[in-house]
Chemist: 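Here it is: the structure, laid out below.
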Amino acid sequence: MAASAGDDMIMAPKKQEKREGIPRLMSAPLAIEWVGDIDGFVRLIDQTRLPSELVQIDCRDAATIWEAIKMLRVRGAPAIGITAAMGLVVGARTHESRDGLREHIHQVADYLRTSRPTAVNLFWALDRMERVADACEAETMPHEQTLALLLMEAKRIRDEDREMCIAIGQHGKELLANDSGVLTHCNTGALATADYGTALSVIFHAHEAKKNIVAYVDETRPLLQGSRLTAWELQQRGVPATLICDNMAATVMRQGRVQAVIVGADRIAANGDTANKIGTYGLAVLAKAHGIPFYVAAPSSTFDFELADGSGIPIEERDSREVTHPLGLAIAPDDVAVYNPAFDVTPAELVAAFVTEQGVIRAPYVENLAALRKDSA
Ligand SMILES: CSC[C@H]1O[C@H](OP(=O)(O)O)[C@H](O)[C@@H]1O
């Protein structure tokens, strides 16, 4: 039994039943779950507690959801979108009549939009939920029915993401040579998505296909999503993994330990410029210098076709204490000046290919990525 947010219960990783016929690769619970019916709540793994503790928190209001996204208790572009969609449902419920419900829903969505600025999935998911609310208003739908349809849409966003992650893995595994080393950055696995992940889904599926992959995992300063989360997920699945400090990436490439680099994304512009965890751009430059292919794995929901290029992608800057006090331990003098951008932008020309649920997409990106546009269908 998980506790409510703020007062949590430590859970031993429990065997998770197969979900809806799709065998789950991971023995831990899903990062995000909706518990109950329309009067239910969002249950999250608190990722700030991993890998030493698997703690789940129950979120019964929009403020708890906002805080969980802001503090990276739940993180990863698709996971943020799914959580915000479900968070809109718990927030919408506080308005108990049909009158004014649509306006209330827009207010909750605008509030959730302020949690983090870079991952486009947050905004895409909330836009999609608001379109449902607008349609219900236009149909003068009863209050309960509107809430039920919103919950259905949030679950649909989650389920579609899981399917896209599986497809990304199936397409991407063909890019990885047998007996190869693959370097990855940050966390792009089941913890960052509905399940399986994006770049990690490629590695998981290559492992399942017995391609004898060794994953090299960047620890990913300052919040250590690689050492805390990715190494944990890979161990959960029995994938050989070697943890390295971020400053070791050049050497492992030069030593020939790595034959590919694969990362996730938080927002990809129409020309293929890619925003991802800080440090990704440096990996792309290093990969180019060593003749190693650099791949970006992402679902179509992470592409922002409103942006012609990466110059317009908002880059989140975070608290300086994340740099000076990792895990609460002071590693820098007080009051030192700090610059802490959470993301950087990799120019499209450094990307060998994008791995999407629709397949592997190579340059020229402006033309070839256009097929991913939702309105291009
Ligand atoms: C599958 S998207 C994962 C993406 O999100 C991470 O950022 P954060 O941990 O700050 O949410 C990182 O950029 C990953 O590549």
Side-chain angles (χ1 to χ4, degrees), residues 31-32 44-48 50 68-84 115-125 157-158 160-162 164-169 172 183-204 217-230 232-233 246 261-268 273-284 294-304 310 313-319 322-323 340-346 351 354-357:
I32 314 154
L44 304 171
I45 292 177
D46 181 348
Q47 298 184 32
T48 65
L50 286 171
I69 295 172
K70 180 71 178 179
M71 299 312 291
L72 281 75
R73 300 185 197 284
V74 60
R75 34 123 328 262
I80 290 171
I82 296 160
T83 303
S115 54
R116 294 185 76 190
T118 304
V120 70
N121 304 61
L122 169 68
F123 305 93
W124 166 86
I157 289 172
R158 174 203 61 196
E160 287 171 7
D161 185 69
R162 183 187 297 117
M164 289 193 283
C165 287
I166 292 169
I168 287 169
L183 175 64
T184 193
H185 192 67
C186 198
N187 172 257
T188 62
L191 290 170
T193 61
D195 203 348
Y196 301 99
T198 57
L200 274 193
S201 180
V202 171
I203 293 173
F204 296 148
V217 179
D218 266 358
E219 63 176 357
T220 315
R221 281 271 292 155
L223 293 179
L224 306 173
Q225 289 93 324
S227 58
R228 293 189 302 109
L229 308 178
T230 294
W232 181 75
E233 285 203 48
D246 301 337
V261 178
I262 190 162
V263 299
D266 292 82
R267 191 184 300 229
I268 304 167
D273 290 349
T274 298
N276 195 52
K277 183 53 51 198
I278 188 72
T280 302
Y281 171 49
L283 282 182
F294 176 88
Y295 300 118
V296 174
S300 49
S301 53
T302 302
F303 287 77
D304 182 354
I313 299 176
I315 299 299
E316 177 184 18
E317 288 195 37
R318 294 186 60 88
D319 189 296
E322 293 179 353
V323 176
N340 184 19
F343 301 98
D344 57 27
V345 178
T346 297
V351 180
F354 288 95
V355 187
T356 75
E357 73 279 8

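Counting starts at 1 for both ligands and their atoms, in listed order.
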Chemist: Geometry only, no angles: is Gln225 polar-contacting ligand 1 at N/O separations under 3.5 Å?
Modeler: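 N/O-N/O distance under 3.5 Å: yes.
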Chemist: Can you tell me the protein heavy atom closest to atom 13 (O) of ligand 1 and the distance?
Modeler: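 Protein heavy atom at minimum distance: Asp266 OD1, 2.5 Å.
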Chemist: Do the side chains of Phe123 and Asp304 get nearer than 4.5 Å, heavy atoms only?
Modeler: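 Result no, sub-4.5 Å side-chain heavy-atom pair not found.
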Chemist: In terms of side-chain geometry, is the basic nitrogen of Arg221 or Asp246 positioned less than 4.0 Å from the acidic oxygen of its partner?
Modeler: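 Answer for the salt bridge query: no.
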Chemist: Can you figure out which of Thr302, Asn276, Thr184 has its heavy atom closest to atom 15 (O) of ligand 1?
Modeler: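 Result: the heavy atom closest to atom 15 (O) of ligand 1 is in Asn276.
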Chemist: Could you tell me whether Pro78 approaches ligand 1 through its side chain, its backbone, both or neither, with non-hydrogen atoms closer than 4.0 Å?
Modeler: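 Only the side chain of Pro78 comes within reach of ligand 1.
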Chemist: Please report the closest heavy-atom contact between Thr302 and Ala265, naming both atoms and the distance.
Modeler: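 In terms of heavy atoms, the two residues are closest at CG2-O, 3.6 Å.
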Chemist: Roughly how far apart are Leu122 CG and Ser115 OG, rounded to 0.5 Å?
Modeler: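 That separation rounds to 4.5 Å.
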Chemist: Just need the protein heavy atom nearest to atom 12 (C) of ligand 1, so name the residue and atom and give the distance.
Modeler: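 Scanning the protein heavy atoms, the shortest distance from atom 12 (C) of ligand 1 goes to Cys186 SG, 3.4 Å.
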Chemist: Are any of the N or O atoms of His185 closer than 3.5 Å to those of ligand 1?
Modeler: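 The answer is no, given that His185 and ligand 1 share no N or O pair closer than 3.5 Å.
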Chemist: Just going by heavy-atom distances, which of Asn121, Leu191, Thr198 is nearest to atom 1 (C) of ligand 1?
Modeler: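 The option holding the nearest heavy atom is Thr198.
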Chemist: Classify the contact between Asn187 and ligand 1 as side chain, backbone, both or neither, using a heavy-atom distance cut-off of under 4.0 Å.
Modeler: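 The answer is the backbone.
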Chemist: Does any N or O of ligand 1 fall below 3.5 Å from an N or O anywhere on Gly76, backbone included?
Modeler: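 Yes: some nitrogen or oxygen of Gly76 is under 3.5 Å from one in ligand 1.
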Chemist: Can you check whether Lys277 has an N/O within less than 3.5 Å of an N/O in ligand 1?
Modeler: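 N/O-N/O distance under 3.5 Å: yes.
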Chemist: Report yes or no: do Asp46 and Thr48 form a side-chain donor-acceptor pair below 3.5 Å?
Modeler: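 Looking only at side-chain atoms, Thr48 and Asp46 do form a donor-acceptor pair, the distance falling under 3.5 Å.
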Chemist: Distance under 4.0 Å to a non-hydrogen atom of Thr188: what atoms of ligand 1 satisfy this?
Modeler: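 Here the atoms of ligand 1 in question are 15 (O).
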Chemist: For Arg116, take its heavy atoms, then give the atoms of ligand 1 lying under 4.0 Å from any of them.
Modeler: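 In order of numbering, the contacting atoms are 8 (P), 10 (O), 11 (O).
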Chemist: Is Ala265 near ligand 1, meaning one of its heavy atoms is under 4.0 Å from it?
Modeler: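 It does; at least one heavy atom falls under 4.0 Å.
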Chemist: Does some side-chain heavy atom of Asp218 sit less than 4.5 Å from a side-chain heavy atom of Leu283?
Modeler: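 Heavy-atom side-chain distance check passes, below 4.5 Å.
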Chemist: Between Arg75 and ligand 1, is there a nitrogen or oxygen pair with a distance under 3.5 Å?
Modeler: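 In this structure, Arg75 places an N or O atom under 3.5 Å from an N or O of ligand 1.
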Chemist: Looking at Thr193, Thr198, Thr188, Leu200, which hits side chain to side chain contact (heavy atoms under 4.5 Å, CB included) with Ile168?
Modeler: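 The option that passes is Thr198.
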Chemist: Does any non-hydrogen side-chain atom of Thr274 lie less than 4.5 Å from one of Phe354?
Modeler: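 The answer is yes, as the side chains (C-beta and beyond) meet within the 4.5 Å cut-off.
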Chemist: Out of Arg116, Lys277, Arg75, which residue meets the salt bridge (charged side-chain N to carboxylate O under 4.0 Å, His left out) rule with Glu316?
Modeler: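 That would be Arg116.
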